[in-house]
Amino acid sequence: MTRVSNRLEGQMSIVLKRTIEVRCFHVIGEVGFAQPRAELRAVAQLAASRAGQLSARELCEHLLGSKPDAVGLRLLSVCEQMGLIAWDLKPRGGESLARLTEEGRRVAEGGDVFVPERGAWTIWVAKDPLIPLEASLLRIEPFQEPTAFDEIVRRDAPREKRATVDLPDWAQRVCRSQGRPGWGDGRAVAMLDIEAKGEPVLESKTQVELSLCAAPHQSSTLSLEGSVDGQRSELELPHAPAPGFEEVWRYCLGARAHDWDGERLAVRFESLDGTELSSFKSHIAFDRWSHPQHGAFGRVQVPHVPIRPATDIDASRWANWLLDHRVQSYVTKADFARRCEEVQETFTGYRLQLMTQEQLAVSLLGAAGVRPGRKYWHLQAPLDWSL
């Protein structure tokens, strides 16, 4: 989130954060780990160049230096095991043809090959409405059964009852997906054939936080950060369907959504401090953010919100405050007239009731009591001298 924060420094931005649900299971099945396998990609590319079909003889002629057809058949058999080709049920002229699969087309276009490994695995999977399926597998590691030595060491400790259960539907969907776990070695993974039952792991040092960052006129971003089984990592989700700024901001405002005109938020003069009146920006906090599809987040603070007066009266009080605030030295009648024109332009579209120079000076005199302050003389002296 540091890069995002630096990019949005001084600008309005909404950053929502929440801790997500992460479950850990021991499962059994076949998992494919991405490998370059240039020789298999070459076969897929040759098949793609020949309308998606390829014979062993054609493979030998074009890639294998006219080796015997049996060599081509073995290589095509490997491609079949990797899911890159399937055999055509209608051979051409008595010769079997390999037909390129969708997975084969992906590899032909430059993708890695998922090499299957069957075994027992420990997986950590996330459940959150904003995390897409391909990013829900956070980590996967080979599972090792406890050794006899471990069992002996732990014989005096209370034995945990190991139970195999049906994986939740959402976890089963993750176990049929492809992705690149953010907590791991960086390789893409394809869950090829995972059994629907698994053993829940109750003790796993895992805490992961989801961040949603939205800003005007920019695409929203999602990221994950935290620890999975003691390993820390950060992961951006560039292809996640994050809600846009206007939607996020509208749900922040709730009943005040009508005060937002697409660029600025309408506010009352008495709710503002001097910094907000000078900068025309406010810092607004909300106790909760909730959306029927995207879920709920806790307290959020939104800095640098552009603001505007809610009414003509608020605009007039704001404009007169600016006239007062900007008195730093002696103000001639011409200077005061120019400043009035400037605030008129600042509050275009509002009907202002501006104080005259005399009225502003008197208001300062009343506020200062029997001893007029410097601002009073900066306004009154030029009037006395007809400047």
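Worth knowing before you read on, the calculation uses all heavy atoms, side chains too, and leaves out hydrogens, waters and symmetry mates. In this text the structure is predicted, and so the values were computed from the model without any measurement.
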- Message: If you apply the rule salt bridge (charged side-chain N to carboxylate O under 4.0 Å, His left out), what do you find for Asp128 with Arg18, and how did you get there?
- Response: CA-CA 10 Å; Asp128 191 279; Arg18 68 179 172 217; 2.7 Å; yes
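- For the pair Asp112 and Arg41, the minimum side-chain heavy-atom distance is below 4.5 Å.
- With sequence neighbours excluded, no residue satisfies salt bridge (charged side-chain N to carboxylate O under 4.0 Å, His left out) with Arg74.
- The CE atom of Met82 sits 12.5 Å away from the OG1 atom of Thr101 when rounded to the nearest 0.5 Å.
- Heavy-atom contacts from other residues, nucleotides or ligands closer than 6.0 Å to CD of Glu270 number more than 12.
- Closest approach of Val165 to Pro200, counting heavy atoms only: CG2-CG, 3.6 Å.
- Between Ala34 and Phe114, the shortest heavy-atom contact is N-CD2, 3.8 Å.
- Listed by chain and number, the residues in a ring pair (Phe, Tyr, Trp, His ring centres under 6.0 Å) with Tyr251 are His291 (sequence neighbours excluded).
- Ring pair Trp321/His325 is parallel by interplanar angle, where below 30° counts as parallel and above 60° as perpendicular.
- Within the 4.5 Å cutoff, the side chain of Arg308 has no heavy atoms near those of the Val267 side chain.
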- Message: Could you go through Thr206 and Trp124, starting from their C-alpha distance and side-chain angles, then the distance that decides it, and tell me whether this counts as side chain to side chain contact (heavy atoms under 4.5 Å, CB included)?
- Response: CA-CA 9 Å; Thr206 298; Trp124 289 261; 3.8 Å; yes
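- Aromatic ring orientation, Trp249 versus Phe286: perpendicular (interplanar angle above 60°, classes split at 30° and 60°).
- Within a 6.0 Å sphere centred on CD1 of Ile313, heavy atoms belonging to other residues, nucleotides or ligands number 12 at most.
- In this pair, Phe245 and Trp260 present their aromatic rings perpendicular. The plane angle is above 60°, beyond the 30 to 60° band.
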- Task: Check the pair Trp289 / Val248 against side chain to side chain contact (heavy atoms under 4.5 Å, CB included), numbers first and verdict last.
- Result: CA-CA 8 Å; Trp289 189 93; Val248 174; 3.8 Å; yes
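- Side chains of Val305 and Lys281 form no contact here, defined as non-hydrogen atoms less than 4.5 Å apart.
- In this structure, SG on Cys24 lies 10.5 Å from CG on Leu138, to the nearest 0.5 angstrom.
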- Task: Carefully, step by step, assess Arg250 and Glu247 under the rule salt bridge (charged side-chain N to carboxylate O under 4.0 Å, His left out).
- Result: CA-CA 5 Å; Arg250 186 169 68 252; Glu247 181 180 11; 5.1 Å; no
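- A donor-acceptor pair is defined here as one N or O able to donate and one able to accept, closer than 3.5 Å; such a pair exists between the side chain of Asn320 and the backbone of Met355.
- Gly198 and Val27 make their closest contact through CA-CG1, 4.3 Å (heavy atoms, listed as atom of the first residue, atom of the second, distance).
- Shown here for Pro68 and Cys60, the closest heavy-atom pair between the two residues is O-SG, 3.2 Å.
- Hydrophobic clustering (side-chain heavy atoms under 4.5 Å, transitive across Ile, Leu, Val, Met, Phe, Trp, Tyr) groups Leu352 together with Leu277.
- Defined by atom type and a distance below 3.5 Å, a donor-acceptor pair is present between the side-chain atoms of Ser55 and Glu58.
- Here Leu210 contributes atom CG and Leu237 contributes atom CG; the two are 7.0 Å apart, rounded to the nearest 0.5 Å.
- Every side-chain hydrogen bond (donor to acceptor under 3.5 Å, both in side chains) that Glu276 has, sequence neighbours left out, goes to Ser282.
- Trp121 places a side-chain N or O within 3.5 Å of a backbone atom of Gly119 that can act as its donor or acceptor partner.
- For the atom pair CG of Leu40 and SG of Cys79, the computed distance is 4.5 Å after rounding to the nearest 0.5 Å.
- Note that CZ of Phe297 and CG of Leu16 are 5.0 Å apart. Values are rounded to the nearest 0.5 Å.
- Thr332 is linked by a side-chain contact (heavy atoms from CB on, under 4.5 Å) to Ala334, Asp335, Leu387, counting only residues two or more places apart in sequence or in another chain.
- The shortest distance between side-chain heavy atoms of Arg339 and Val327 falls below 4.5 Å.
- With sequence neighbours left out, Arg268 forms a salt bridge (charged side-chain N to carboxylate O under 4.0 Å, His left out) with Asp314.
- Remark: Arg317 fails to qualify as a cation-pi partner of Phe269 under the 6.0 Å distance and 45° angle criteria applied to the six-membered ring.
- Following chains of ILVMFWY side-chain contacts shorter than 4.5 Å, one can reach Leu84 starting from Val115, so the two form part of one hydrophobic cluster.
- With contacts defined as side-chain heavy-atom distances shorter than 4.5 Å, the pair Ser278/Thr275 does not qualify.
- Within 6.0 Å of atom CD in Gln207, 12 or fewer heavy atoms from other residues, nucleotides or ligands are found, so the atom counts as exposed in its surroundings.
- For the residue pair Met12 and Ala215, the shortest heavy atom distance occurs at O-CB, 3.7 Å.
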- Item | Derivation of the side chain to side chain contact (heavy atoms under 4.5 Å, CB included) call for Ile123 and Leu137 | CA-CA 7 Å; Ile123 61 172; Leu137 177 64; 4.0 Å; yes
- Message: Working note: Asp287 + Arg299, criterion salt bridge (charged side-chain N to carboxylate O under 4.0 Å, His left out); need CA distance, chi angles, decisive distance, verdict.
- Response: CA-CA 4 Å; Asp287 291 332; Arg299 183 175 176 82; 2.8 Å; yes
- Message: Walk me through whether Glu109 and Arg105 qualify under salt bridge (charged side-chain N to carboxylate O under 4.0 Å, His left out).
- Response: CA-CA 6 Å; Glu109 294 171 358; Arg105 294 186 186 279; over 6 Å; no
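- A search for side-chain hydrogen bond (donor to acceptor under 3.5 Å, both in side chains) contacts involving Trp183 returns nothing, not counting sequence neighbours.
- Neither Ile28 nor Val189 shares a network with the other; the hydrophobic side chains, linked directly or stepwise wherever heavy atoms of I, L, V, M, F, W or Y lie under 4.5 Å apart, form separate groups for each.
- Side-chain atoms of Phe336 and Leu323, non-hydrogen and from C-beta on, do get closer than 4.5 Å to each other.
- Val208 is listed as a side-chain neighbour of Val228, based on a closest heavy-atom distance under 4.5 Å.
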- Query: Can Val174 and Met191 be said to form a side chain to side chain contact (heavy atoms under 4.5 Å, CB included), step by step?
  - Reply: CA-CA 8 Å; Val174 177; Met191 309 294 279; 5.8 Å; no
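- Other residues, nucleotides and ligands place more than 12 heavy atoms under 6.0 Å from the CZ atom of Arg187.
- Taking CD1 of Ile194 as the start and CD1 of Ile140 as the end, the distance is 6.0 Å to the nearest 0.5 Å.
- Side-chain contact check for Ile20 versus Leu224: some heavy-atom pair is nearer than 4.5 Å.
- Using a distance-only test at 3.5 Å, with no hydrogens or angles considered, a donor-acceptor pair links the side chain of Ser316 to the main chain of Gln353.
- When each of Glu141, Gln144, His26 is tested with Thr122 by the rule side chain to side chain donor-acceptor pair (under 3.5 Å), just one qualifies, namely His26.
- Residues Leu235 and Gly182 approach most closely at CD2-CA, 3.9 Å, considering heavy atoms.
- Put simply, Phe25 and Val201 are part of two different groups of oily side chains (I, L, V, M, F, W, Y) that touch within less than 4.5 Å, one to the next.
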